[in-house]
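A short worksheet on the structure shown next.
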Protein chains: 2
Amino acid sequence: MLNVKRLELLLDVVELGSITAAAEKHIYSPSGVSQQLRRLEAEVGQPLLQRQARGMVPTDAGHVLTAHTRRILRQMAAAEADLAEIAGLNRGSLTMGTFPTLGGSFLPLVISRFKKQYPAIELHVRSSRFDDLIEMLENGQVGMSLLWDYEWNRLNPENFALTTVFEDATALIVGKDHRLARRKQVDMGDLAKEEWIVREEEHPVVEVLHRSAQAAGFSPRIAFHANDYQEAQAMVSVGLGIALAPRTAVVNKHPGVSIVSLGASAPSRRILLAHRHDRVRAPAEVAFQSTLLDVARDNSADFR
Amino acid sequence: MLNVKRLELLLDVVELGSITAAAEKHIYSPSGVSQQLRRLEAEVGQPLLQRQARGMVPTDAGHVLTAHTRRILRQMAAAEADLAEIAGLNRGSLTMGTFPTLGGSFLPLVISRFKKQYPAIELHVRSSRFDDLIEMLENGQVGMSLLWDYEWNRLNPENFALTTVFEDATALIVGKDHRLARRKQVDMGDLAKEEWIVREEEHPVVEVLHRSAQAAGFSPRIAFHANDYQEAQAMVSVGLGIALAPRTAVVNKHPGVSIVSLGASAPSRRILLAHRHDRVRAPAEVAFQSTLLDVARDNSADFR
DNA sequence: TCCTCCTTGAAGATCAAGTTAAACCCCCAA
DNA sequence: TTGGGGGTTTAACTTGATCTTCAAGGAGGA
């Protein structure tokens with residue numbers, strides 16, 4: 001295959017009219033340029049330049065080759081320009097994962113700001129459950145993903161590079177007419193007599209309830225198993241019981257309920273952004289992470 | 001500037017799906033390929049490949065770069081092909097295509113003048129039918145070719161670079177004693193009652209007849225199918241019927257016929273010179289084109 | 001669990017791309 | 001004829017990129 005550097009030299013010799021001029025342009029010695037041209041002619045098997053008293057004149061083959069060289073160099077310049085565009089975030093795409101409660105509250109804020117800031121970048125979001133997110137991260141279906149953990153089952157930072165986005169407190173949901181509805185904050189210890197509405201058994205918030213109840217010295221009585229936080233809020237609103245939920249899960253509050261802080265008496269979950277350690281990240285991904293953390297900082301009050 | 005060898009490696013890794021496969025193709029060690037890719041990524045300042053459990057997948061930048069690489073490599077292959085062609089043709093030869101009617105009238109004038117002007121250049125002419133000419137253009141058997149089209153089936157200028165040489169009017173051939181033999185010009189409308197002599201059914205001039213007859217409001221009655229214009233003229237001369245022909249097809253007029261202009265009442269065909277867009281043309285080809293256009297200009301009166 | 005396939009890193013060998021220095025060629029002027 | 005100046009070429013050498021080998025490490029499948 002032809003050597004592009006040599007082609008470029010040929011082009012400059014033809015355009016500038018002499019080996020010396022081309023050598024100056026490339027900060028080479030004339031001798032070096034001469035040798036490269038000789039090799040190029042050997043490669044193509046025919047003379048490309050006619051040595052004349054005053055400089056060089058291309059042969060037919062030289063003409064053809066310089067014309068092709070212009071195209072090749074133009075194509076290479078185009079390639080570099082395109083790469084610069086991607087690095088400059090005028091182009092690119094990224095795919096990220098999230099889970100439902102954040103997909104319905106925090107993430108839309110991030111996406112909205114990111115799209116405003118980098119309108120050219122194609123953004124794909126996949127919402128799934130925890131185990132699927134881990135799998136998608138591992139096999140590369142998503143480049144990064146939002147995840148969560150509690151203090152008793154921390155994610156191992158050796159498996160993924162983890163960045164804490166914010167702490168998502170556990171809040172108490174009570175009916176509008178409940179005796180605690182007006183309180184700013186209550187303690188788990190005050191709730192020993194209550195009936196509870198929980199998510200399906202294996203849902204993590206159930207464990208939050210059991211652990212914090214146990215810490216407060218009682219064993220919760222379960223009145224109802226809900227399928228999602230909307231259903232849970234509806235049941236709370238009609239007085240069937242009270243419930244726990246991550247703060248972000250109830251940013252869209254049901255009109256018939258009140259949200260009360262539990263302070264430090266209930267554990268919070270950590271919201272994390274994860275990506276594979278071995279993955280060299282594209283500029284678009286780094287930019288997205290930065291936007292996401294900005295939004296988290298700006299809106300931290302709402303999730304407390 | 002990007003290193004083409006590395007680009008080629010990237011392309012092969014992407015296409016073959018693994019570093020090992022690309023290394024085998026190039027008879028390199030996998031380690032060497034891995035190192036080159038790493039350097040390429042360092043050069044462009046961003047990841048190009050995502051290392052995955054099952055092989056490699058290109059990033060956005062990787063996709064863009066491989067696409068450009070294909071073009072660059074294609075361009076370089078074209079350069080080498082052109083050089084090989086020049087080398088094989090002993091400096092300054094060219095091959096062109098034509099079709100019979102021009103090969104028997106216009107083209108000899110061009111060749112005669114060109115040989116006088118450039119005696120050192122070897123000239124090859126291949127005469128063939130339309131479809132073969134297209135194929136020979138595409139696979140490089142001819143560097144340029146004369147072609148023709150009518151207004152209802154124009155050649156696509158995206159496929160070939162086209163230069164109009166001249167318009168070849170459709171003329172009427174009548175016997176010496178025919179009622180219209182003395183006329184300078186007639187209209188298709190005057191020919192509704194005539195018997196026609198045509199070329200074989202799929203010949204384009206048959207379509208010219210049907211279209212212009214239909215435009216003039218009649219359906220032509222066919223008296224004879226001729227194999228070439230000489231035969232057609234002979235049949236016309238004995239009064240079997242009249243015929244249509246491109247003006248250039250009857251520059252060598254049969255003594256027993258008269259040629260009458262049809263003005264705008266019959267469509268003319270366009271005579272074109274075509275060459276491949278991606279072909280950088282040798283000086284000999286450019287010179288030939290220029291001579292050809294000169295001859296067309298000088299002799300335009302004869303083809304009208 | 002081992003085995004296999006693949007990728008990566010470190011260290012060294014090799015060869016092409018550059019250098020310098022000197023010669024050469026051709027035209028031109030004294 | 002001779003000398004000088006533009007330019008190119010050759011020879012010999014240096015250097016650094018590009019390969020290799022060897023070894024380690026990771027992930028999937030029997």
Side-chain angles (χ1 to χ4, degrees), chain A residues 1-44 46-59 62 69 134-141 156-161 275-281, chain B residues 1-44 47-59 62 69:
Chain A
M1 196 178 57
L2 294 168
N3 177 321
V4 175
K5 218 181 231 166
R6 290 204 263 252
L7 290 180
E8 201 180 1
L9 285 177
L10 169 68
L11 178 61
D12 284 325
V13 168
V14 169
E15 289 193 335
L16 301 175
S18 84
I19 287 185
T20 308
E24 270 172 23
K25 173 173 170 183
H26 287 258
I27 323 181
Y28 285 174
S29 63
S31 169
V33 176
S34 172
Q35 290 178 56
Q36 292 308 310
L37 290 175
R38 177 156 295 279
R39 288 190 198 177
L40 183 57
E41 289 182 322
E43 274 179 2
V44 306
Q46 52 186 320
L48 297 169
L49 294 166
Q50 287 187 346
R51 278 73 176 167
Q52 292 195 337
R54 217 132 217 75
M56 306 279 209
V57 168
T59 63
T69 300
I134 296 294
E135 194 185 329
M136 289 193 289
L137 269 175
E138 280 172 345
N139 64 22
Q141 287 179 62
N156 185 348
E158 287 185 2
N159 298 338
F160 296 105
H275 65 87
R276 282 208 336 244
H277 280 295
D278 63 345
R279 183 184 170 98
V280 182
R281 291 189 299 163
Chain B
M1 195 177 57
L2 294 169
N3 177 321
V4 175
K5 216 181 232 167
R6 290 204 259 253
L7 290 180
E8 200 181 1
L9 285 176
L10 170 68
L11 178 60
D12 284 324
V13 168
V14 170
E15 289 192 338
L16 300 175
S18 83
I19 286 184
T20 306
E24 271 172 23
K25 173 174 170 183
H26 288 255
I27 323 182
Y28 284 173
S29 63
S31 173
V33 176
S34 172
Q35 291 176 53
Q36 292 309 310
L37 291 175
R38 183 155 292 280
R39 287 192 199 178
L40 183 57
E41 288 182 323
E43 272 180 4
V44 307
L48 297 170
L49 293 167
Q50 301 210 349
R51 279 71 176 169
Q52 292 201 334
R54 213 135 212 74
M56 306 278 208
V57 169
T59 62
T69 300

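Each chain gets a letter, A, B and so on, in the order its sequence line appears, and its residues count up from 1.
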Does A:Thr20 form a side-chain contact (heavy atoms from CB on, under 4.5 Å) with A:Val33? I'd like the steps, not just the answer. CA-CA 8 Å; A:Thr20 308; A:Val33 176; over 6 Å; no
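- Rounded to whole Å, the distance from CZ on A:Arg276 to P on D:dA27 is 9 Å.
- Atom CD1 of B:Ile19 is separated from atom P of D:dA27 by 16 Å (rounded to the nearest Å).
- When the P atom of C:dT8 is taken as reference, atom CG of B:Leu40 falls 13 Å away, rounded to whole Å.
- One atom, CG of B:Asp12, and another, P of C:dT7, lie 13 Å apart when rounded to the nearest Å.
- A heavy-atom distance below 4.5 Å is not found between the side chains of A:His275 and A:Phe160.
- Sorted by first and then second residue, the salt bridge (Lys or Arg N to Asp or Glu O under 4.0 Å) pairs involving residues 26-38 of chain B (not counting sequence neighbours) form an empty list.
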In a table with atom names and distances, give each donor-acceptor pair under 3.5 Å that connects a side chain of residues 4-12 of chain A to protein atoms at least two apart or in another chain.
from: A:Arg6; atom 1: NH1; to: A:Gln36; atom 2: OE1; distance (Å): 3.0
from: A:Arg6; atom 1: NH2; to: A:Glu43; atom 2: OE2; distance (Å): 2.7
from: A:Asp12; atom 1: OD1; to: A:Lys25; atom 2: NZ; distance (Å): 2.9
from: A:Asp12; atom 1: OD2; to: A:His26; atom 2: NE2; distance (Å): 2.7

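- In plain terms, the two heavy atoms of A:Ile19 and A:Pro30 that are nearest each other are CG2-O, 3.6 Å.
- Atom CD in B:Glu8 sits roughly 15 Å away from atom C1' in D:dT18 (whole-Å rounding).
- Applying the 4.0 Å criterion to OP1 and OP2 of D:dT8, one finds that A:Arg38 has every side-chain N and O outside that range.
- As rounded to whole Å, 15 Å separates atom C1' of D:dG7 from atom CG of A:Leu16.
- Inter-residue side-chain proximity for B:Leu37 and B:Leu48 is flagged as unmet; no heavy-atom pair is nearer than 4.5 Å.
- Within the 4.0 Å cut-off from OP1 or OP2 of D:dT8, at least one side-chain nitrogen or oxygen of A:Thr20 is found.
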Nucleotide-resolved protein contact map, nucleotides 17-25 of chain C, B/S/- at heavy-atom distance under 4.0 Å: BBBBB----
